[in-house]
Amino acid sequence: MHAGHAGHAGHAGRADRQRLDLRRHQETPILLRLVMAMWRNALAAQFCAGLALGLTVSFLFFGNNHIISSRAGIRLTRNYDTDEISHRGDVRKMAMHSGNDEWSEADHEAWDRHSDGQSDNSFLINDHHMHEGDDDSAARELAKKVKVMIWVMTSPSTLHDRAKAVRDTWGQRAEQLLFFSSAHNKTFPTIGLNVSEGREHLTAKTMLGFRYLYDNHFDEADWFMKVDDDTYVIMENLRYFLSEENPKDPVYFGHHFGLIAAQGYYSGGGGYVLSKEALRRFGQKGQDPMLCKQDGGAEDAEFGKCMERLGVKTVNTTDTLGRSRFHCFDPETHIMGGYPPWYFKYDANGGKKGLHSISDYAITFHYIYPSKMKRLEFYIYHMAAYGVKRGFQHLNNPPKDRVPIKPIYRDPLKKT
Amino acid sequence: MMQPHPHFARRNNSLDDLTLSVDASLARTLSHKSRVMCWIPSVEKWLKDRVKAVNGTWVPRCDGHVFFIKTNKTQHSDVISFDDVKDGRNALTEKTVAALIYLYRYELGKYDWFLKGDDDTYIVMENLRFLLAQYNSSQPVYLGHLFKKLVKQGYMSGGASYVLSREALRKLNEEGFQKNKCRVKGNDEDVDIGRCLEAVGVFPHNSIDKYGRSAFHPGPAETHIAHDAVNPWLVEYNRFKGAGGRNCCSELTVSFHHVKAAEILVMDHLLYRTSVYGRVPDFSRLQGLFEPKMIPPPS
């Protein structure tokens, strides 16, 4: 009945706190006295407490309250998806005191699962009054020069948590941002593509998404990027990267996988960016099913084959120090090297890991669910180490300096 | 009881890491002004995991550091082992007291500030130094995340990490431990030390910035940032209510607690390496971010 956390045993303060949590839910002192009197009789106490808790929870949940406190003391807002409620039970309290308190893996995962469904209102740390002294003129200049339009692939079931997190964090720094789903939504807004949900239709979603861009927005940008709703993009670094590339080249960029197509392809989750010329070729010839599979298969692999057949090239997107910029996993996976076995065959850059494998001007990370997105936002844009200034580094590999990609077709079934 | 004081070599300050493209001259001027000794209690089982993570990131940025770990698995001179203090929650206070006595005996003259960290705490040393620069280490100063329960003037959360000035450490030892005024065995070292500091006249001081955002945090970033409301039981314990979500944490945050070893590396990377092209922060606008003042007990 009490929140099922095995924290410190036997500390008086903790027992107080558990009792106080219960008290918090009772509105009347009569019930409080009842609880205290029942304390001696464990069975009766459990029954009454269970009854009271059940009544309270249903009152709060179905009542008019805008804000609800659950047993674990986590705030829920009204527009919260009800099927997330089941996560409440696993949340552990964090220990108040120090000393070798271990938050086990299970605790962290429970917390992560819990946080995943939360949706708060706009998270962007609008610290204009604090950051106004900061000089971001170089970043703003780039934003004027480098025009990139981004479309986010989302779905009705992930719209209100993941797509919302995108819109509330890095999406605010994207000049042109569109959300595509299988369903039209006027308020969010999302553009509805004529496609069903499900992994087997992701290719169709991708093809239709780029087609929409070609048909409706071709003149509005020089670069066209597709991301997932759990992709985090550092916009300024994206623009810096693109600033030394030519939109008239038939080229596209992303996290390079060296299989499937002779020139490889790019991971969908890590995001990929098409040049204007690439989108033009797709727009003109991409509906030919001999060149581009219109549905089925893995969307990024199929799109990669399509690009190759249209003569659009992949390039090495690492920086001058050979460090990766687009990432199909989250920072922790790339730093710790917790890769699935297939990654070592697929990654065209050798499956590197560690602190020195990621570029200082990293552009994307993937598998960033909403609470992680807010955390990245905080670490990258808000938190600072006092006095530590980052210089302007020259990390780009402009086309003339770039190491060419050798054809790297590898049979995934062959043992390397 | 305690091993004789080892001579430990000072690591290179990681601000000298040439693979970082940074201009840390401003940070370095602060580093010359006050010397910080970081001490971290841990246990043998975390040597290869948590201790390695903190030792590879923020610990070398302290002017001096000591790990208090009962072990014979390492000959490293940064590790001190108290052979007759057991591991475990029941001996936390005992271990902390032993550490504070050790630091008083052997390190008092060499450092201005003494930071208690944890093996699952992430500290931003440059921000700590910025905060400490507002205070005078010859005064009895006690900084951290302040809880209002259990001790009248409050006590600092042990996990969020707390700082004692040189004078505070001296008083704690000479007027506290040596005069038997303080509890030296118990489960909750932060409460017991907090009571002891109250008994010898060391008061809590401010580490909340002028926008109401705190610098020391008893939980990891995600618990503070993810929700707009502060957890109810934190609200009960916090001396200052604070906020959740985007107003939780100061730009110059000093600590987060309950940070997994992998996340420690990630934070370090995102803070010191990952940078945003074209944004140059202006640190001069942060002058006066923290008002240095004592926090009186609640009336």
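A quick note: this is a predicted structure, and the numbers were derived from the prediction, not measured. Order of the sequence lines sets the chain letters (A, B, ...), proteins ahead of strands, with each chain counted from 1.
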(request) Would you mind checking which part of M336(A) comes under 4.5 Å of any heavy atom in chain B, side chain (CB onward), backbone (N, CA, C, O), both or neither? (result) side chain
(message) Taking side chain as everything from C-beta outward and backbone as N, CA, C, O, which of these in I358(A) sits under 4.5 Å from a heavy atom of chain B? Side chain, backbone, both or neither.
(response) both
Calculate, to the nearest 0.5 Å, the distance between atoms [atom1] and [atom2] belonging to [X] and [Y] respectively.
| X | Y | atom1 | atom2 | value |
| --- | --- | --- | --- | --- |
| E236(A) | R279(B) | CD | CZ | 7.0 Å |
| I335(A) | E263(B) | CD1 | CD | 9.0 Å |
| L395(A) | Y277(B) | CG | OH | 9.5 Å |
| I380(A) | S275(B) | CD1 | OG | 10.0 Å |
| E332(A) | I264(B) | CD | CD1 | 11.5 Å |
| Y379(A) | F256(B) | OH | CZ | 6.0 Å |

What pair of heavy atoms forms the shortest contact from [X] to [Y], and how long is it?
| X | Y | result |
| --- | --- | --- |
| F283(B) | A384(A) | CE2-CB, 4.5 Å |
| S250(B) | H382(A) | C-NE2, 4.3 Å |
| L355(A) | R273(B) | O-CD, 4.0 Å |
| Y381(A) | V276(B) | CE2-CG2, 3.8 Å |

(message) Taking atom NZ as the centre, does K148(B) end up with more than 12 heavy-atom neighbours from other residues, nucleotides or ligands that are less than 6.0 angstrom away?
(response) yes
(request) Could you point out which residue of D360(A), L376(A), I234(A) forms a side-chain contact (heavy atoms from CB on, under 4.5 Å) with T274(B)? (result) I234(A)
(message) Is there a side-chain contact between V124(B) and M383(A) in this structure, where contact means two heavy atoms from C-beta onward sitting under 4.5 Å apart?
(response) yes
